[in-house]
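Only one structure is covered here, and it is reproduced in the block below.
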2 protein chains.
Amino acid sequence: MPTTSERPYHHGNLRTALLDAAERGLREHGVDQLALRDLAREIGVSHAAPRRHFADRQALLDALAETGFARLDAALRAALDSADDFPDRVRAAAVVYTRFATENAALLELMYTSKHRPGATRITEAAETTLGLLVEVIAQGQAEGALQAGDPEQVGIVLFATLQGIASIVNGNIVPPELLDGLVSTAVQQFLRGARP
Amino acid sequence: MPTTSERPYHHGNLRTALLDAAERGLREHGVDQLALRDLAREIGVSHAAPRRHFADRQALLDALAETGFARLDAALRAALDSADDFPDRVRAAAVVYTRFATENAALLELMYTSKHRPGATRITEAAETTLGLLVEVIAQGQAEGALQAGDPEQVGIVLFATLQGIASIVNGNIVPPELLDGLVSTAVQQFLRGARP
DNA sequence: ATCGAATGTTGTCATGAGCAACATAGTAGC
DNA sequence: GCTACTATGTTGCTCATGACAACATTCGAT
């Protein structure tokens, strides 16, 4: 623990401060504008200080992506836990996912592009975990007889893809944000119709 | 026409050469690695030459995105033209779109992120045109009675989103590319089931 | 043939990433 | 307490790039 309170001259938790500032910057100005040096300036440390916590810029971005998945996961789990009915679970997951994805557009993009590069296994794993949540929902739905039997992976991925796609085109301004709720609702409805026995 | 043969010293069509080189670079090394100076070097012009054709780096990226939409559009139209049956049209569009999207992953990302910034109206329009193709297919399907009535926009967007989402997660390595065809096929099947009268 | 518009070139600046050498602050062992 | 040792920050470089300005060359219309 820090000695007194304010700035122990070793800042205390630069890493966290960097991540916080980075997320704000990401949200407000986009990835491209995110400069390690800016963060350092904003926080009040020297331009090389971040390097002690993140090997390079990409490492910071990867860390952001990782926490992004963690938050998304938590939100999804919470939503799923408070819905018992199967269609309700699908709806809840859809709403929470698309909401997160549109409210954290830049972060989401990071989450889905940080992984291209080899070595970002933790991120890929995080993404798979999230996807796994949906697949589980599907599997339960099949077990309950609400869905036709079949590979829950396939079906879950398609559902996931639809949500991701909706978020993607809304974030891309191809479609106005006002349509979001309606689209999600249409998608869920069609999904339930298309996948029932 | 050039004076002799090789390099008219005014290169002839730097713009095209830049776009070509840029697309290769994009495909091979990603957007982040795409440097105007590299392109200039590769082509053999001075580092400031590109500026005559693209006001800044982003302008080049925007142009790339625009040609991307044009190519995608052409591919989609061709596919749609050679399919008469309604389900076939949906299948064809789905296959062509996802194929293009996965074979031009970096370009696609560009196409969907260049538009965030204000002023990229031409790109947004291009995206809307592409989306319009799908909406048309849906409208026709409804007219043929193959789909339940409803707002073709809503339905078309959802279909589009699903395809875009599938491409997105494949490109993001969240699911292996081998699954692509199966996913597309599942998605189309479910769509047709979910949206029929 | 001449003049103006396109198109390229050289040179410069500001900025940011990455690295290394050094400084300081906590911490563990004695 | 004192002395390493380690973690964390700082200063000061190098390098690459984007953006810009001033200048050069070529092309095309009159």
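If you're wondering where the values come from, they're calculated on a predicted model, not measured in any experiment. What you see below is based on every heavy atom in this structure, not just the backbone, and it leaves out hydrogens, waters and symmetry mates.
The CG-P distance, from B/D32 to C/dA17, rounds to 12 Å in whole Å. The distance from atom CG of A/N13 to atom P of D/dA7 is 18 Å, rounded to the nearest whole Å. To the nearest angstrom, C1' of D/dT17 lies 15 Å from CD of B/Q58. The CG-C1' distance, from A/L14 to D/dT10, rounds to 12 Å in whole Å. With rounding to whole Å, B/L18 atom CG is found 12 Å from D/dG18 atom P. Spacing between atom CZ of B/F54 and atom P of C/dT7 amounts to 12 Å, rounded to whole angstrom units. For the pair A/L60 CG and C/dG18 C1', the computed distance is 15 Å after rounding to whole Å.
Remark: A/R71 engages A/E23 in a salt bridge, criterion side-chain N to carboxylate O under 4.0 Å.
Within the structure, ring-ring contact (aromatic ring centres under 6.0 Å, His included) pairs that include any residue of residues 18-42 of chain A do not occur (at least two apart or interchain). The side-chain hydrogen bond (donor to acceptor under 3.5 Å, both in side chains) pairs that include a residue from residues 150-166 of chain B are A/T162-B/T162, A/S168-B/Q164, A/T186-B/Q154, B/Y97-B/Q164, where partners are two or more places apart or lie in different chains. Residue pairs meeting the side-chain hydrogen bond (donor to acceptor under 3.5 Å, both in side chains) criterion with at least one partner in residues 78-93 of chain B, sequence neighbours excluded, are B/R89-B/Q140.
The side chain of B/R52 sits closest to D/dA22 out of D/dC20, D/dA22, D/dT10.
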Please tabulate, for the side chains in residues 188-195 of chain B, all donor-acceptor contacts under 3.5 angstrom to protein atoms that are two or more places apart in sequence or on a different chain.
| from | atom 1 | to | atom 2 | distance (Å) |
| --- | --- | --- | --- | --- |
| B/R193 | NE | A/G194 | O | 2.7 |
| B/R193 | NH2 | A/R196 | O | 2.4 |

Show every donor-acceptor pair shorter than 3.5 Å between a side-chain atom in residues 126-137 of chain B and any protein atom, with sequence neighbours excluded, or say none if there are none.
| from | atom 1 | to | atom 2 | distance (Å) |
| --- | --- | --- | --- | --- |
| B/T129 | OG1 | B/E125 | O | 3.0 |
| B/T130 | OG1 | B/D73 | OD1 | 2.5 |
| B/T130 | OG1 | B/A126 | O | 3.2 |

Going 5' to 3' along nucleotides 10-16 of chain C, which nucleotides have protein heavy atoms under 4.0 Å from the base (write B), which only from the sugar-phosphate (write S), and which from neither (write -)?
BBB---S
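When the side-chain nitrogen and oxygen atoms of B/R51 are compared with OP1 and OP2 of D/dG18, none of them lie within a distance under 4.0 Å. For B/H53 and C/dG8, the shortest distance from a side-chain N or O to OP1 or OP2 is below 4.0 Å.
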